[in-house]
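Indexing begins at 1, ligand by ligand and atom by atom, following the structure's order. One-based numbering along the sequence shown. Please read all numbers here as calculations on a predicted model, not as lab measurements. Both backbone and side-chain heavy atoms feed into the values below; hydrogens, waters and symmetry mates do not.
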Amino acid sequence: MTGIRAAVLQAVEHTAAAHPVVGIVPTMGALHPGHASLLQAARESSDVVIASVFVNPLQFDDPTDYQLYPRQLETDMQMLTEHGVDCVFAPDLQEMYPGYPAAPLIRVSTGELGRRWEGASRPGHFDGVATVVTKLFTILAPPAAVACEAWFGQKDAEQLAVIRRLVEDLNLPVRIRSLPNVRDENGVALSSRNLRLSAADYDAACALSRALFTLAARAQAHQPLDLSQLRAQLQAAQRLDLDYLVVVDPDTMQETADDPLRQPALALIAARVGPVRLIDTMELCPGAAPTG
Ligand code: AMP
């Protein structure tokens with residue numbers, strides 16, 4: 001850990017910038033173009049870019065999901081090098097949590113925000129996310145004189161809301177930046193977990209983003225969202241076990257009462273598809289085309 005701090009400080013010292021900006025991109029690896037968009041944006045707006053690769057056991061409520069989460073550090077390192085990352089922090093479990101599973105004893109509690117939707121289905125998930133992000137910021141953030149930004153994807157919209165609140169409530173000296181969801185040619189949100197989908201699972205997974213695009217089109221046209229009709233379609237689909245499809249306020253994650261929408265809202269969907277749980281999100285803007 002001292003190694004990575006020393007590397008970050010050295011990289012900061014070596015920049016020619018009078019007011020250096022450090023950009024942090026936290027990941028769990030198995031990197032794809034969604035991660036690449038964050039790396040690229042961090043590279044463009046920071047003097048020093050740090051990426052972390054760590055599959056965080058605290059945010060998994062299902063041990064099998066944790067064990068089977070794809071790990072491919074060598075390939076990831078290639079992508080990180082191609083994107084000009086200055087420092088990579090890829091700790092092993094004991095380096096991150098000495099004494100695990102007994103430690104860490106102290107964890108960050110995300111309260112009711114962390115118990116909605118994904119948090120309700122995966123108890124402790126957002127506390128695990130907030131704990132590891134707090135640790136990463138503490139380990140990686142440069143001295144107070146240096147500006148620090150951290151980059152997150154809007155695909156994980158609830159996670160983003162929790163992290164924004166974490167930084168605000170605990171006065172963490174990091175500015176949170178976010179980027180739109182990156183999708184493949186069929187509209188499916190890129191996810192490391194997609195690697196575990198069979199061809200038939202993948203076809204079934206396409207229904208998730210299709211439902212979100214339908215909602216975005218209805219919102220754009222000021223039409224009723226008719227969530228129950230979309231839910232019924234998804235519940236009838238093969239290979240797909242819908243957990244939730246909801247439209248929420250982007251800050252509080254509480255369900256919106258508006259239908260048709262009068263102001264921008266966020267659609268959240270989660271389902272088990274074949275062996276994996278997938279989530280996706282989309283901004284719904286009355287009168288505007290979908291953005292991601
Ligand atoms: P993960 O490795 O899944 O923990 O994700 C690391 C970061 O990449 C998080 O901030 C995610 O929101 C972001 N991310 C994951 N998938 C996508 C995607 N399809 N588009 C944009 N960002 C993404």
Side-chain angles (χ1 to χ4, degrees), residues 23-43 49-62 65-66 68-73 75-77 79-80 83 85 88-91 96 117-118 122 125-126 128-137 140 149-167 174-197 202 205-206 208-209 212-213 250 253 266-270 273 276-283 290-292:
I24 300 177
V25 182
T27 82
M28 295 206 297
L31 302 179
H32 52 64
H35 299 108
S37 70
L38 300 174
L39 294 169
Q40 194 176 332
R43 185 66 284 169
V49 178
I50 311 166
S52 64
V53 178
F54 178 64
V55 183
N56 174 34
L58 303 193
Q59 67 190 73
F60 287 79
D61 59 321
D62 172 359
D65 188 27
Y66 173 65
L68 296 180
Y69 197 88
R71 288 159 172 90
Q72 44 175 60
L73 188 58
T75 323
D76 290 345
M77 288 302 286
M79 188 197 268
L80 296 170
H83 283 81
V85 169
V88 177
F89 182 49
M96 196 62 169
W117 315 117
E118 207 51 17
R122 302 173 65 190
H125 170 66
F126 287 118
V129 169
T131 303
V132 79
V133 167
T134 306
K135 279 183 72 102
L136 287 174
F137 288 176
L140 301 176
E149 300 183 333
W151 292 83
F152 292 90
Q154 290 158 15
K155 170 182 178 262
D156 298 278
E158 277 195 277
Q159 169 174 283
L160 184 59
V162 164
I163 289 167
R164 285 194 193 285
R165 204 48 213 264
L166 168 77
V167 163
V174 177
R175 179 172 172 228
I176 302 303
R177 312 265 323 248
S178 74
L179 286 180
N181 201 339
V182 177
R183 299 177 178 282
D184 71 11
E185 63 282 6
N186 298 312
V188 174
L190 298 183
S191 163
S192 308
R193 286 191 170 85
N194 293 356
L195 291 171
R196 294 183 52 213
L197 297 174
Y202 175 85
C206 293
L208 305 188
S209 54
L212 298 185
F213 279 109
M253 296 291 142
L266 207 56
L268 310 178
I269 191 167
V273 184
V276 294
R277 179 185 174 80
L278 296 178
I279 62 170
D280 197 355
T281 63
M282 196 173 288
E283 209 184 351
T291 54

Spell out, as yes or no, whether a donor-acceptor pair under 3.5 Å connects the side chain of Asn56 to the backbone of Gly128.
-> yes
Identify the two heavy atoms, one from Arg277 and one from Arg122, that lie closest to each other, and give their separation to 0.1 Å.
-> NE-CD, 3.6 Å
Establish, yes or no, whether the cationic atom of Arg71 lies under 6.0 Å from the six-membered ring centre of Tyr66 and within 45° of the ring axis.
-> yes
Using modelled atom types only, decide if a donor and an acceptor are shared between the side chain of Thr281 and the backbone of Gln154 within a distance under 3.5 Å.
-> yes
Kindly determine whether Met282 and Arg183 satisfy side-chain contact (heavy atoms from CB on, under 4.5 Å), including the steps that lead there.
-> CA-CA 11 Å; Met282 196 173 288; Arg183 299 177 178 282; 3.4 Å; yes
Could you pull out every protein residue that has a heavy atom closer than 4.0 Å to ligand 1, ordered by chain and then number?
-> Pro26, Thr27, Met28, His32, Gly34, His35, Leu38, Tyr69, Phe152, Gly153, Lys155, Asp156, Gln159, Pro180, Asn181, Val182, Leu190
Short question: side chain of His32, backbone of Gly34 - any donor-acceptor pair under 3.5 Å?
-> yes
